[in-house]
2 protein chains.
Amino acid sequence: MFKLKHILLTIAYDGTNYNGWQRQNNGIGIQEKIEEACYKIFRQDLKVIGASRTDTGVHALGQRGLITVDTSIPVDRIPYALNSVLPDDIVIRDAKEVPENFHPRYSAIKKTYHYHILNEKFPMPQYRNISTFISSGLDIYAMNEAAQYFVGTHDFAAFCSAGSSVKTTVRTIYEAFVQKEAPFITFKVTGNGFLYNMVRIMAGTLIEVGIGKKKPSDIKEIILSKNRNLAGKTAPPQGLTLVDIDYED
Amino acid sequence: MFKLKHILLTIAYDGTNYNGWQRQNNGIGIQEKIEEACYKIFRQDLKVIGASRTDTGVHALGQRGLITVDTSIPVDRIPYALNSVLPDDIVIRDAKEVPENFHPRYSAIKKTYHYHILNEKFPMPQYRNISTFISSGLDIYAMNEAAQYFVGTHDFAAFCSAGSSVKTTVRTIYEAFVQKEAPFITFKVTGNGFLYNMVRIMAGTLIEVGIGKKKPSDIKEIILSKNRNLAGKTAPPQGLTLVDIDYED
């Protein structure tokens, strides 16, 4: 009997060798590689609808992708089937059936990102693709204090790169902190949604706090200003990982 | 005035793209890349004498290499000079002058290695080149208990791959333990020297203890047997990092 299943995949990837989730410029997107794997396993041309369009070089542990497929493969075996044909820098970590009206982006209620900074005198080559290297000493306590100003519902226009067309730049941040997690200093942030480059601009601004170029309380002023030029630089993509996405039960 | 300096470099590398410290088979060795960098900076053909011949895929944070060079570059600037021409998977972390009779291998009194295991249901692609993936649940406490049997002066013939020609297979292990260090389970071992593949065979044997195939006390029997066939498999190279080498002051 023909019956379409709606299956939500949890996806991890090392974004180093891809031009983003959805192909940017030339090059290969992660979405495309998963669609190719789906074709090999299911023999159907299908679209993977992603929850988040991560940029070139950005990583994921908990990206989500929705596929609609006619298959007799048990849902809990789908990760193993797809992983058997995916390159080793993309891994399906989970698959579960969801209702027809589920949308990986619009049904999301929370997203969590981590931003890794390697703060040493010299880079550690093993970690060059999953962190940003900063040789100036960083004040973690000041960075963590600064991060607290992100928490709450604010207009984050100052933390949004040009070129995005969103209805509102108001977002709610539930949790934001900076901690030592050897070998990294990690900025962890959870919110109901993020603007274009928002986490990387937050990270770039926190780095400026860490080296003493900005005070923690400056964050409050920057948010109120709604002026992108007052925030810090957009930190490089390779430090960023989309860690998890929450949905209503 | 012409004066040769003997300079000890501390070297970190991601071994993924190299055929070992000293070129193995075809492909490029890390030593070779550093010699090329030295030529670019010093305009002299020189040899880098390594402390340890790490295998293909093995990493380092604290490898050492000795160069003898006529240069007016201040010793503390040499890492920056060499890093400016090295690929980004090799980093010189330190340079210091040593006496003429210093030898990076024979003067070493202690070496420390870490072996990273990723023990999850599915691999994390970001860490695929710097850890070994094991999906079966590992008993860290049993592994750590087992590691204690390595400590002391023993004949480690059972933990040595064929093909090495050493005078004695007796080595002293000062410290050995297994601990959770998110996202990894890490085996850390310090000794006065290591036989060919010794740390990887130790790690492979500890993994067998972790999955319940061997008991911690089996380690004692395996050491006494001096029989390579009784120890576990040689664990894959990418989990291994040469962390540090100590010399007498």
Side-chain angles (χ1 to χ4, degrees), chain A residues 9-18 30 33-34 54 57-63 76 78-84 86-95 114 116 118 120-131 133 135 179-184 186 236 238-243, chain B residues 9-18 30 33-34 54 57-63 76 78-84 86-95 114 116 118 120-131 133 135 179-184 186 236 238-243:
Chain A
L9 305 173
T10 300
I11 307 158
Y13 45 85
D14 176 338
T16 308
N17 296 323
Y18 297 98
I30 293 139
K33 296 303 282 186
I34 300 173
T54 57
V58 171
H59 314 290
L61 285 174
Q63 168 71 295
D76 65 337
I78 287 176
Y80 297 96
L82 290 173
N83 289 337
S84 74
L86 277 166
D88 66 359
D89 50 7
I90 303 177
V91 172
I92 309 298
R93 300 177 64 195
D94 190 47
H114 290 181
H116 291 312
L118 188 80
E120 300 281 344
K121 192 173 169 196
F122 291 103
M124 287 165 80
Q126 293 82 344
Y127 299 112
R128 73 194 183 286
N129 292 327
I130 56 169
S131 62
F133 171 68
S135 60
Q179 64 184 27
K180 181 78 193 165
E181 241 180 9
F184 306 122
T186 306
Q238 71 273 15
L240 188 62
T241 301
L242 168 57
V243 171
Chain B
L9 305 173
T10 300
I11 307 158
Y13 46 85
D14 176 340
T16 308
N17 297 323
Y18 298 97
I30 292 138
K33 296 303 283 186
I34 300 174
T54 57
V58 171
H59 313 292
L61 285 173
Q63 168 73 292
D76 64 338
I78 288 178
Y80 297 95
L82 290 173
N83 289 337
S84 73
L86 277 167
D88 65 0
D89 50 8
I90 302 175
V91 172
I92 308 299
R93 300 176 64 195
D94 190 46
H114 290 181
H116 291 311
L118 188 79
E120 300 281 344
K121 193 173 168 195
F122 291 103
M124 287 164 82
Q126 293 83 344
Y127 299 112
R128 71 192 184 288
N129 292 328
I130 55 168
S131 62
F133 171 67
S135 59
Q179 63 184 27
K180 181 76 193 165
E181 241 180 11
F184 305 121
T186 306
Q238 72 271 15
L240 187 63
T241 301
L242 169 56
V243 171

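As a basis for the values below, the full set of heavy atoms in this structure was taken, side chains included, without hydrogen atoms, waters or symmetry mates. Chain letters run A, B, ... following the sequence lines, proteins first, then strands; residues in each count from 1.
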Side chain, backbone, both or neither of Thr16(B) within contact of chain A (heavy atoms, under 4.5 Å):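 When you check distances to chain A, no heavy atom of Thr16(B) falls under 4.5 Å.
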Spatial distance of atom CG (Asp88(A)) from atom CZ (Phe133(B)) [nearest 0.5 Å]: 12.0 Å
Distance, nearest 0.5 Å, that separates OH of Tyr80(B) from CZ of Phe122(A): 4.0 Å
Partner chain B: residue of Ile130(A), Asn83(A), Asp94(A), Ile90(A) with the largest heavy-atom pair count (under 4.5 Å):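 Of the candidates given, the most pairs with chain B belong to Ile130(A).
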Toward chain A, the part of Asn129(B) with a non-hydrogen atom under 4.5 Å: neither
Atom of Pro125(B), atom of Asp89(A) and distance for their closest heavy-atom approach: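 Smallest heavy-atom distance, with atoms named: CB-O, 3.4 Å.
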Ala60(B) backbone acceptor or donor facing Gln126(A) side chain under 3.5 Å: yes
Heavy-atom contact with chain B under 4.5 Å, split by part of Arg128(A):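 For Arg128(A), the side chain is the part near chain B, not the backbone.
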